[in-house]
Trainee: 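Once you've had a glance at the structure underneath, I'll fire off some questions.
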Number of protein chains: 2
Amino acid sequence: MSNQPIPSVQIRPLLERYGLRATRQRLGLAKLLFSKGDRHITADVLAAEAHESRIFASLATVYNVLNLFAEVGLVRSFTLEGGKTIFDTNTTDHCHFYFEDSGEITDVMVKGGKLADHFEPPEGYEIAKVDVVVRLQRKSAESKA
Amino acid sequence: MSNQPIPSVQIRPLLERYGLRATRQRLGLAKLLFSKGDRHITADVLAAEAHESRIFASLATVYNVLNLFAEVGLVRSFTLEGGKTIFDTNTTDHCHFYFEDSGEITDVMVKGGKLADHFEPPEGYEIAKVDVVVRLQRKSAESKA
DNA sequence: CTGTGTGCAAACTCTTTGCATAAGT
DNA sequence: ACTTATGCAAAGAGTTTGCACACAG
């Protein structure tokens, strides 16, 4: 509850624009999330990072904040096989490469048009979200598992 | 451990073809999985169905069997947002519609070419799997959540 | 018979929740 | 001040695991 004074870059106005109260941990977590380019991060990793940066936020709070950010649209979340939830600071229309060997995740932009345009929703429904994860494995290794 | 005699349709040879020992619960679960067309099912639902059909298999065994089937390629598995693992008896190249209101899942066949062909894997990697889940919501309801 | 599969319950991981306290406007 | 957020620990869901017993080949 006694974090170091946070240099509130553009973070505070960002939170306010989304109608969120600028608390210490939200400011700190948002700074970690948005000050290093696009990130794909789990709650526990962000919590660990925060701790290293002397931004004290419990894991529960990290989850609360990330879920809140996802609700308002500051980040996007998706779930990996295995059940881990990834929070992605890139909220644009894109797919993901998942490197099975390293666990790394990278963005893949879509070429032709919006992702959702490739699908025709059934009558009465509209597309809320399209999650695409392309799982990659090393070539040389056994290619057939 | 004393299930009713299972009418081993084509199931037994199917298992044997995949190098799997034809145990009672594998036969029974496979029958449930493959005798009703394509299915999208979770372990606990399959376990419940099995119990109704007097095919006694513990939840742990259902998980073991489903994971085994997925390993050898009898079924495909993917994870939904929320972390639930779905086992899909359709092992062809396809995407999924997920109906947020009902929880139902349906297959969406791909139009132009293989799914994996839409992505160019980085040097040294090959595509192991492409998971596409299109989440659908009712049109009339609040479209912006 | 020999090895493998199964059942059960406990362990495990990831995530959410309840309640008292602390912080934000 | 008044309201909302946080911390902690416990609960919760989903899945895996260890070990003794049962079954398949």
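Chain A is the first sequence line, chain B the second, and so forth, proteins listed ahead of strands; every chain is numbered from 1. Excluded from the calculations below are hydrogen atoms, water molecules and symmetry mates; all remaining heavy atoms, backbone and side chain alike, are included.
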Trainee: Going by the rule side-chain contact (heavy atoms from CB on, under 4.5 Å), which residues pair with A/Ala48 if we only count those two or more places apart in sequence or in a different chain?
Mentor: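 Partners of A/Ala48 under the side-chain contact (heavy atoms from CB on, under 4.5 Å) test: none.
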Trainee: Please check if A/Leu46 and A/Leu14 belong to a single hydrophobic cluster, counting links between Ile, Leu, Val, Met, Phe, Trp and Tyr side chain heavy atoms closer than 4.5 Å.
Mentor: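 Cluster IDs for A/Leu46 and A/Leu14 match.
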Trainee: Roughly how many Å is it from CG in A/Leu68 to C1' in D/dT6, rounded to a whole number?
Mentor: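 A/Leu68 atom CG is separated from D/dT6 atom C1' by 13 Å.
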Trainee: Answer yes or no: does a side-chain N or O of B/Gln25 lie under 4.0 Å from OP1 or OP2 of D/dC23?
Mentor: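 So the side chain of B/Gln25 is outside the cut-off, no N or O lying under 4.0 Å from OP1 or OP2 of D/dC23.
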Trainee: Could you state the CG-P distance from B/Leu29 to C/dG5, rounded to the nearest angstrom?
Mentor: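 Checked: the CG to P distance equals 14 Å.
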Trainee: Any side-chain N or O of B/Ser58 below 4.0 angstrom from OP1/OP2 of C/dG7?
Mentor: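 Checking C/dG7 against B/Ser58, a side-chain N or O does come within under 4.0 Å of OP1 or OP2.
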Trainee: Is any side-chain N or O of B/Arg12 closer than 4.0 Å to OP1 or OP2 of D/dG25?
Mentor: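 The answer is yes; a side-chain N or O of B/Arg12 sits under 4.0 Å from OP1 or OP2.
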Trainee: Within the pair B/Asn67 and D/dT15, is there a side-chain N or O less than 4.0 Å away from OP1 or OP2?
Mentor: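 So the side chain of B/Asn67 is outside the cut-off, no N or O lying under 4.0 Å from OP1 or OP2 of D/dT15.
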Trainee: Do NZ/NE/NH1/NH2 and the carboxylate oxygens of A/Asp93 and A/Lys114 come within less than 4.0 Å?
Mentor: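 No, this pair does not count.
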Trainee: At 4.0 Å (heavy atoms only), tell me whether A/Ala22 reaches a base, stays on the sugar-phosphate, or touches nothing.
Mentor: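 The answer is sugar-phosphate, as A/Ala22 gets under 4.0 Å only of primed atoms, P, OP1 or OP2.
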Trainee: With a 4.0 Å cut-off on N to O distance, would you call B/Arg76 and B/Asp88 a salt bridge?
Mentor: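 Salt bridge: no.
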Trainee: How close do A/Lys36 and A/Glu49 get, counting heavy atoms only, and between which atoms?
Mentor: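 Nearest heavy atoms, A/Lys36 then A/Glu49: NZ-OE1, 3.9 Å.
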Trainee: Rounding to a whole Å, what distance do you find between B/Asn64:CG and D/dT17:P?
Mentor: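 About 9 Å, once rounded to whole Å.
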Trainee: Give a yes/no answer on whether the side chain of B/Thr23 brings an N or O atom under 4.0 Å of OP1 or OP2 in C/dT6.
Mentor: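 Yes, because at least one side-chain N or O of B/Thr23 sits under 4.0 Å from OP1 or OP2 of C/dT6.
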Trainee: Could you go through nucleotides 2-4 of chain D and list every protein N or O atom that sits under 3.5 Å from one of its N or O atoms, giving the distance for each pair?
Mentor:
from, atom 1, to, atom 2, distance (Å)
D/dT3, O2, A/Arg21, NH1, 3.4
D/dT4, O4', A/Arg21, NH1, 2.7

Trainee: Provide, to the nearest angstrom, the distance between the CG atom belonging to B/Leu46 and the P atom belonging to D/dT15.
Mentor: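 Rounding to the nearest Å, CG of B/Leu46 and P of D/dT15 are 13 Å apart.
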Trainee: Parallel, tilted or perpendicular: which one describes the rings of B/His96 and B/Phe78, with boundaries at 30° and 60°?
Mentor: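 Taking B/Phe78 first and then B/His96, their aromatic rings lie parallel (interplane angle under 30°).
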Trainee: Among C/dT6, D/dT15, C/dG7, which is the nearest nucleotide to the side chain of B/Leu59?
Mentor: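 Selected nucleotide: D/dT15.
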Trainee: Can you tell me if B/Arg24 touches the phosphate of C/dT6, counting only side-chain N or O atoms and a distance under 4.0 Å to OP1 or OP2?
Mentor: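 No.
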Trainee: Could you give the CG-to-P distance, from B/Leu15 to D/dA24, as a whole number of Å?
Mentor: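 Spelled out: CG on B/Leu15 to P on D/dA24 is 13 Å.
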Trainee: Round to the nearest Å and state the distance from A/Leu80 atom CG to C/dT15 atom P.
Mentor: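 So the CG-P distance, A/Leu80 to C/dT15, works out to 11 Å.
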Trainee: Checking one residue: B/Tyr63. Which other hydrophobic residues are in its cluster under the side-chain 4.5 Å linking rule?
Mentor: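 Joined to B/Tyr63, directly or through intermediates: B/Leu59.
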Trainee: Apply side-chain contact (heavy atoms from CB on, under 4.5 Å) to B/Glu16 and list each qualifying residue two or more places apart in sequence or on a separate chain.
Mentor: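 Partners of B/Glu16 by the side-chain contact (heavy atoms from CB on, under 4.5 Å) criterion, ordered by chain and then number, come out as B/Arg12.
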Trainee: Quick check on DNA chain D: between B/Ala43 and A/Thr61, whose nearest nucleotide comes earlier from the 5' end?
Mentor: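 Counting from the 5' end, the first nearest nucleotide belongs to A/Thr61.
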Trainee: Quickly work out the B/Glu71 CD to D/dT16 P distance and round it to whole Å.
Mentor: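 Nearest whole value for this atom pair: 10 Å.
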Trainee: Look for any protein N or O under 3.5 Å of an N or O in nucleotides 12-14 of chain D and output each such pair with its distance, or none.
Mentor:
from, atom 1, to, atom 2, distance (Å)
D/dG14, OP1, B/Lys84, NZ, 2.1

Trainee: Under 4.5 Å between any side-chain heavy atoms of B/Thr42 and B/Phe87, yes or no?
Mentor: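 No, their side chains stay 4.5 Å or more apart.
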Trainee: For the pair made of CD1 in A/Ile55 and C1' in D/dG7, what is the distance, rounded to whole Å?
Mentor: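 Rounding to the nearest Å, CD1 of A/Ile55 and C1' of D/dG7 are 17 Å apart.
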Trainee: For residues 59-70 of chain B, which residue pairs pass the salt bridge (Lys or Arg N to Asp or Glu O under 4.0 Å) check, not counting sequence neighbours?
Mentor: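 Qualifying pairs, neighbours excluded: none.
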